[in-house]
2 protein chains.
Amino acid sequence: MIYNSVDCVIFGFKDEKLKVLLIKRNNEPQKGLMALPGDFLDSEVSIYASAQNTLKELTSLENIYLEQIRAFGEIDRYPGKRVITISYYALINIEHYTPQAGYTAEKLEWCDIDSLPKLAFDHKEIIAIAHKRLKRRVRTEPIGFNLLPEKFSLTNLQQLYEAILQMELNKRNFRTKINQMKLLIDTGKKQENVAHKPAKLYRFDENIYEKLKEEGFYFNL
Amino acid sequence: MIYNSVDCVIFGFKDEKLKVLLIKRNNEPQKGLMALPGDFLDSEVSIYASAQNTLKELTSLENIYLEQIRAFGEIDRYPGKRVITISYYALINIEHYTPQAGYTAEKLEWCDIDSLPKLAFDHKEIIAIAHKRLKRRVRTEPIGFNLLPEKFSLTNLQQLYEAILQMELNKRNFRTKINQMKLLIDTGKKQENVAHKPAKLYRFDENIYEKLKEEGFYFNL
DNA sequence: TCAAAAGTGTTGCAGGTACACCCATGA
DNA sequence: TCATGGGTGTACCTGCAACACTTTTGA
């Protein structure tokens, strides 16, 4: 007998760090360890819909960026039975996240991508592969933006890319490249109560965003 | 009840064309249609091993390039039961391919990637996604070479990339870029019996090949 | 008036693009 | 000697990398 499950690597961005949403297992096997949110697959539900459900239960969010990573199918990846898991990764605006009833703060946690706790099963490997995929995708499609709030400064955007790609970027050149895309709209607003020149706040031009997503682009940072 | 299967998109290169190995179904459902080779998954076998087995049964080849694409899990993708398939793609040297006993020429066929027959299930979509993946991979890892015979000319190599990427490439620049990689070794041999200047034949430097594969590279064609 | 971060102008250089020409072979 | 495809030299030009300076705010 083979079981199928669906797991989600939910990425968020906060305090200049790339984060993953993890849940503490309260059932055997591996009770007490942190793990990716997920569930066994219902035979009446498509795998994509199953990932969407997991996401909605946890975060109450819908219509968010969600892409399959792949299936993980080593024989012994789950103790006791044969479970093949199909993993997805999601990009969410962490400000929109509100933990759902039933999930207490004790159980759910946003963990830094580069200081993860001990994880159940092969979830460490799954996160690593999700991150690798994200690093590539972010250069090819304008999806990184899904991680930001509606209004953000260019510095926010740069820090996001630096966190995802785990490398430093040159401020001047980063801004030049972003400008070339003509993807940002000046909201007219500025930062408030900061002890320095306040940064302009931008939002996306949804039309250009969709257009770039279709056409594909290469963001040579 | 959910069933799992593993399907393989086996790529080959012949007559300047990128090809896929397809098999005519001789069982219901969709008997008579062409389909990707594959099988239901045995609970004692890892998904990767299952793909390797399919490949070996069909082509008698081992140790070849094999990478998972992803799982396909729409509810109605397979008539009558819920079957989630996990797809792999393989790159083989078509000259090494010898159809195995039990598979007659009537049943197995190398089809052009851009003139595929009607296919069973969602296999057309799977091939399209495999091809898309190959297009990307071929620029990021030196894997395209798996599709060529041991000895090949620079023109062979260029035609391969043109077939995969479905675009024309400039001869002069293509050669310059290949040279920069220092990946090729002059075998000292040349084409024979051609009515023009015979092309030099090359083979790979396995060491550099492995090194590039690890490091990653970007082949900006 | 000072500290801190926002925001911009410019120049040199690497490397990609494009083009045209010569070479070796069989018929 | 001609047709065919193999093989190379180079000049232009785009566009990325690197750097330093000005601006605006709160304290």
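The sequence lines fix the lettering, A, B, ..., with proteins before strands; numbering per chain opens at 1.
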Between [atom2] of [N] and [atom1] of [X], the distance in whole Å:
X	N	atom1	atom2	result
A/Asn179	C/dG9	CG	C1'	14 Å
B/Asn173	C/dC19	CG	C1'	10 Å
B/Ile178	D/dG7	CD1	C1'	15 Å
A/Leu157	C/dA6	CG	P	13 Å
B/Lys190	C/dA24	NZ	C1'	8 Å
B/Arg139	C/dG16	CZ	P	13 Å
A/Asn156	C/dG7	CG	P	10 Å
B/Asn193	C/dA27	CG	P	7 Å

- Query: Contact class for A/Thr155 (heavy atom, under 4.0 Å): base, sugar-phosphate, or nothing?
  - Reply: sugar-phosphate
Closest nucleotide among [options] to the [X] side chain:
X	options	result
A/Ala199	C/dA5, C/dG7, D/dG6	C/dG7
A/His196	D/dT24, C/dA5, D/dG5	C/dA5
A/Lys197	C/dA24, C/dT17, D/dT24	D/dT24
A/Arg175	C/dT25, D/dG6, C/dT8	C/dT8
A/Lys171	C/dT8, C/dT17, D/dT8	C/dT8

- Aromatic ring pairing B/Phe145/B/Phe204, orientation class (parallel under 30°, perpendicular over 60°, tilted between): tilted
- Query: For B/Asp7 and B/Thr85, does a side-chain donor sit closer than 3.5 Å to a side-chain acceptor?
  - Reply: yes
- Message: Testing the 3.5 Å rule here: is there a donor-acceptor pair between the side chains of A/Asn173 and A/Thr176?
- Response: no
- Task: Give a yes or no on whether a salt bridge exists between B/Lys19 and B/Asp112, defined as a side-chain N under 4.0 angstrom from a carboxylate O.
- Result: yes
- Message: If the threshold is 4.0 Å, N to carboxylate O, is there a salt bridge linking A/Arg137 and A/Glu67?
- Response: yes
- Task: Confirm from the modelled atom types if B/Lys200 and D/dG7 form a donor-acceptor pair under 3.5 Å, side chain to base only.
- Result: no
- Donor-acceptor pair under 3.5 Å, A/Arg172 side chain vs C/dG9 base: yes
